[in-house]
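Chain letters run A, B, ... following the sequence lines, proteins first, then strands; residues in each count from 1.
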Amino acid sequence: MFVINCPYCGERDQQEFKAGGEAHIERPKQPTELSDDEWAEYLFMRKNIKGVQYERWNHAHGCRKWFNMVRDTSNDEIKAIYKMGEKPPSI
Amino acid sequence: MSESLRVKSSQYIDETTRVSFKFNGTTYYGFKGDTLASALLANNVHLVGRSFKYHRPRGIMTSGSEEPNAIVQINPNTNRTEPNVRATEVEIYEGMEASSQNCWPSVNFDIGGINNFLSPLFPAGFYYKTFMWPASFWEKYEYFIRHSAGLGKSPTSNDPDIYDHRNIHYDVLVVGAGISGILAAKNAAKNNYKTLLLDEKSELGGSTIYENNESNKIDNKISSEWLKKEIEELKNINNLEIKTRTSVAAYHQYNYLLARENFTDHLDKKDKTNKIRQRLLKIRAKKVILATGALERPMIFNNNDRPGIMLSSAIKKYSDFYGVACGRKIVFFTNNDSAYESALSLNDKGIKVEAVVDIRKQSETNLEKRVIDAGIKIHWEHTVVDTSGYKKLNNVSIMKLSNDGTSVTGNKISISCDCLGVAGGWTPAVHLYTQSGGKLAFDEDKKIFIPNKNNSDQISVGSCCGDFKLDEILKNLNEKLKVFLDITKTDFENITVHNDQEMSKRNIWLLPSDKALGKTKPFVDYQNDATAKDIKLALREGFRSIEHVKRYTTTGMGTDQGKLGNMHALGIIADTAGVKMGELGTTTFRPPYTPLTFGTIVGRNVGKFFDIFRRTPMNDWHVEQKAEFENVGQWKRAWYYPINGETMDQAVQRESKAARESSGILDASTLGKIDIQGSDASEFLNRVYTNAWSKLGIGKCRYGLMLNEDGMVYDDGVTTRLDENHYLMTTTTGGAANVLGKLEDYLQTEWPELDVYLTSVTDQFATASLCGPNSKKILKKIIPDLDLSDENFPHMSFKEAKIGSIVCRIMRISFTGEQSFEINVQASYGKDLWEKCIEAGKEFNITPYGTETMHLLRAEKGFIIVGQDTDGTMTPVDLQMDWIVSKKKYDFIGKRSLYRSDTMREDRKQLVGLLTDDPNVVLEEGAQIVSELNKKPVEMLGHVTSSYFSPNLNKSIALAVVRGGKDMMGKKLFIPMEDKTINVTVSNPVFFDQTNERLNA
Ligand SMILES: [Zn+2]
């Protein structure tokens, strides 16, 4: 059970949060211009890394804000947390 | 039978308070402070159960939570009964009853014992191999397996006890109150860390507290005397909290631990009531110090499981702590020095020690000399090759070990005894450490796994990290604490510690016998009856991974998780397969460390607190009218309102007819409501719904369909434009929270440039939906000054009005196909509004209807319910709702997916209507649909999603999803049921009022 440092509220228990999958997958600006394969890449393909992964989290039972997290999925170490729209730190 | 084996008054047992208890129907006496195990041993009762597979008689082996055999049912046949309790942990109290668990019909005569003689038929994987085939026989096998296994009985009536949960936070948590834990907690607390010290036992001090051996001294005092003074000092430390009888069940990441605090299990029956029995502590600690100690290992030799064969350290504890002799003629069998300490301790109390059998070569340390001086014979380089005594040990046979330890030589020596103390060395209790994600390293020299790398703020101290000698424990503890607590010195820096230098241990995982392995029974896992033979068989059959061997042989899979024998299993695998133990790794230790009661897990969340439920403001009225309720998400919704003993079917037919013939009223308060404001609100709706929203006038309503990005229907509902930049969206009852979450997600992460604000207002409004041809008349009575003409207040529009001084929002929208008005008021006025409608509607026979009638009425109109007629695989095109998908909009959520090759297939399942050839036959929802009855395999085209008998059409109607259904209008299909086949015809899904005349009638 993680302790997550919400960038808006501070440290809270994991049960207040919802995980939202891989981060930095931008919704295409012009979906209709894309081929089936390109659209499928956006829609379905996720890396599911064992190791350092950039992912989205939502403080669902708190401020309801979305933010990004860098987490090592092999040992669940949270390496960084940053707001939506901020540049991802390189780890 | 009840001969007493009490040896000497013990300071931990209250010998002035005699306690009577029953075990397997016989009354015995013990003292306050006894565990069930110590009290039984004092009465010379060793036989406490039967083994799982072979039903061999088994006795008490240990004195703690690692006990594999003495598993009992407490207070059988009462509502406080509890299975799988370790007799070595549970304390006795007046009137307690306990019974052996795994035996039938009794522990002394056990029918399953025949398995013991048939044991060549029960090798590893026996259950897998034998009972899997033929599959149809499984039910018969299962009956016998379950019956003869009998792993305790769960209570059949409600648990009368109270359980609790508590969240607590500490700077430092110390797990285990042995000498290391006590010193760690004391030094943490004294250095301004808010500290919690936990121990599963009733007394602090671990095994040191009853140490009376001259060979372990601190500052020239016997270690137990020194430690008692330290414990005394703990009382004066302010920021230290101590909890005994509290065992840590789980250690999760980020120093989050679960512990069970036990308050009443040891109390007399009369003192148990109206108290919290157990509390689950949810602990967050900044730093954790694990001082969980070590578990003594048994040794693996032929017939090592008879009652009377115990761990050497347990025999010592029963004598020194509880004042109980485990036998009158005791033999020790050892590969290290600790058995000698036990032997001396017993000898001091006048308990006869016959001999020590040591697999090591002769040595002359101080300890051994003292044993010889006490007149105890030592058999060097000998091993036990067999034991005898069916229900109680009466003899051990020993032989000389060969130099390499793989065979025996010479003559067999027979030693008569009634108790054998086995000392196989120590295994650090690293269970909690590994649960926290810590990695282990194998110490080849000591043959133990010790903590190595972890990424939370924690340390392991004392014997759980492999320090077994008192001087090394205290020296290493001192150094570790200074670093971990960031302090310059501890308060035990300068003590002098003396302990005898041990000679090193000799490790043989599987000891030889004069018989071939195949003719012996060397048990590795006592609880699951797995022997060394089973493990070797698994390896011969090709299993290599330790996790696979574990599952195949069931080693380590009992309620004790193999705390005693796992290391031996690993050792035997390593030896047999010729690999290093460090490379083999360990199996995973999973929480809980010891079993938890269900009561502790659920805490206060029982009965009506089991789950959260939501009620509408009109709920009391529904209850008064004796409505039946159904659960919709967390909501309790009125399902139907039976009168005069109506069945559900009768009530629904009546309600449905009334709603179309005159008027009905539905409590629609549960619909999700989201208030949307901001200058980009219209643009936002354009992006999240499939249809266009820019041109919706103020005061108008529109139905919208929301997709997932994959093009599948996600939710639907009516949204009203209240003002230029202000909308009120409704969602399905069950989908409200998810829709809000999804919209927030897009708003925050994909379109942060949009000026839009979302607020859930579901709970803020109560909604009464008036429907039917007389609904307008009823509304007119309630709000006389509102112009309800179709010109002023047409279908799909909105008005704000007042009922007296109460402001209400009224939407003229319809989910039934009848003229309907949804009246929304502030939630607190909901019941008042409802009663006003009922009162005004009396002359029109206003009929309250529930969710079932709502479903029927909308099915007559072919309106879908998301989640009933859709299942996350239906596009709007599949639902024949192309009309709601804007062709003009450049983009909306899910649009691109509607043009994927898969979603464009013509033969996707599509929503259609079904009419049964016999109009009185009502289809079953979920029934499969086929077009050819004789084709094998049967080709299933789809299934029925909604089905009712329509009272307004006087025939059966159904909605269904059918592959290629769009082009099947008028086609005959079949619905094969168990007892008959029903013929149906594909129809338009709109069954009633296809031209929508009634909306404006
Ligand atoms: Zn937050």
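- Residue contact with chain B, scored on non-hydrogen atoms closer than 4.5 Å, is absent for A:Ile4.
- Using a 4.5 Å cut-off between heavy atoms, A:Trp39 touches chain B through its side chain atoms alone.
- Atoms SG and NZ, on A:Cys6 and A:Lys65 in that order, are 9.5 Å from each other to the nearest 0.5 Å.
- Heavy atoms of B:Asp710 lying under 4.5 Å from chain A belong to its backbone as well as its side chain.
- Neither the backbone nor the side chain of B:Ser456 comes within contact range of chain A, judged by heavy atoms closer than 4.5 Å.
- Contact record, B:Leu740 with B:Ser760: CD2-CB, 3.9 Å, taken as the closest heavy-atom pair.
- Note: A:Arg27 leads A:Arg27, A:Gln14, A:Lys18, A:Gln30 in heavy-atom pairs under 4.5 Å with chain B.
- For B:Asp902, no part lies near chain A; criterion is any non-hydrogen pair under 4.5 Å.
- Counting heavy-atom pairs under 4.5 Å between each of B:Ser897, B:Ser901, B:Ala737 and chain A puts B:Ser897 at the top.
- Counting heavy-atom pairs under 4.5 Å between each of A:Phe2, A:Phe67, A:Phe44 and chain B puts A:Phe2 at the top.
- Ring centroid separation for the pair B:Trp751 and B:Tyr746 comes in under the 6.0 Å cut-off.
- With a 4.5 angstrom heavy-atom cutoff, B:Phe892 touches chain A only via backbone atoms.
- Contacts of residues 72-90 of chain A with chain B at a heavy-atom distance below 4.5 Å involve A:Asn75, A:Asp76, A:Glu77, A:Ile78, A:Met84, listed in sequence order.
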- Task: Run the numbers on B:Gln458 and B:Ser436 for side chain to side chain donor-acceptor pair (under 3.5 Å), then give the verdict.
- Result: CA-CA 10 Å; B:Gln458 58 159 301; B:Ser436 77; 2.8 Å; yes
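- Residues B:Arg284 and A:Asp13 share a closest heavy-atom pair of NH2-OD2, 2.8 Å.
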